[in-house]
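Here the structure comes first, spelled out in structure tokens, and everything after it is commentary.
Source: prediction; values computed, not measured.
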Amino acid sequence: MARIGAEGRHGGHPDVEWLEENKQRLMQGRLTPMPLDGQIVEVDTTTPDSLNYDDLFQTIQTAIR
């Protein structure tokens, strides 16, 4: 929400419209992954400062090889 209307945010991002269109899904607390082939890597972004980016990067590298 803080990014909406932030200085320097490109006007091409339809943030408000996207939120309105996806409100019901967001209120469920979780978005369903897109039905694509491959490994799903779940990332909890509620506390990004505690995320182990090295482990995440390694997991992604392994998944795309």
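Distance check: Ile64 CD1 to Thr59 OG1 gives 11.5 Å after rounding to the nearest 0.5 Å.
In this view, Thr32 satisfies the side chain to side chain donor-acceptor pair (under 3.5 Å) rule with no residue, not counting sequence neighbours. Under the rule for a side chain to side chain contact (heavy atoms under 4.5 Å, CB included), Glu20 has no partner lying at least two apart in sequence or in another chain. Residues forming a side chain to side chain contact (heavy atoms under 4.5 Å, CB included) with Ile4 (at least two apart in sequence, or on another chain): Met1, Asp15, Val16, Leu19. Partners of Gln61 under the side chain to side chain contact (heavy atoms under 4.5 Å, CB included) rule, at least two apart in sequence or in another chain, are Phe57, Gln58, Arg65.
Put simply, Tyr53 and Val41 are part of the same group of oily side chains (I, L, V, M, F, W, Y) that touch within less than 4.5 Å, one to the next.
Sorted by first then second residue, the side-chain hydrogen bond (donor to acceptor under 3.5 Å, both in side chains) pairs that include residues 36-52, not counting sequence neighbours, are Arg30-Glu42, Asp44-Thr46, Thr47-Ser50, Asn52-Asp55.
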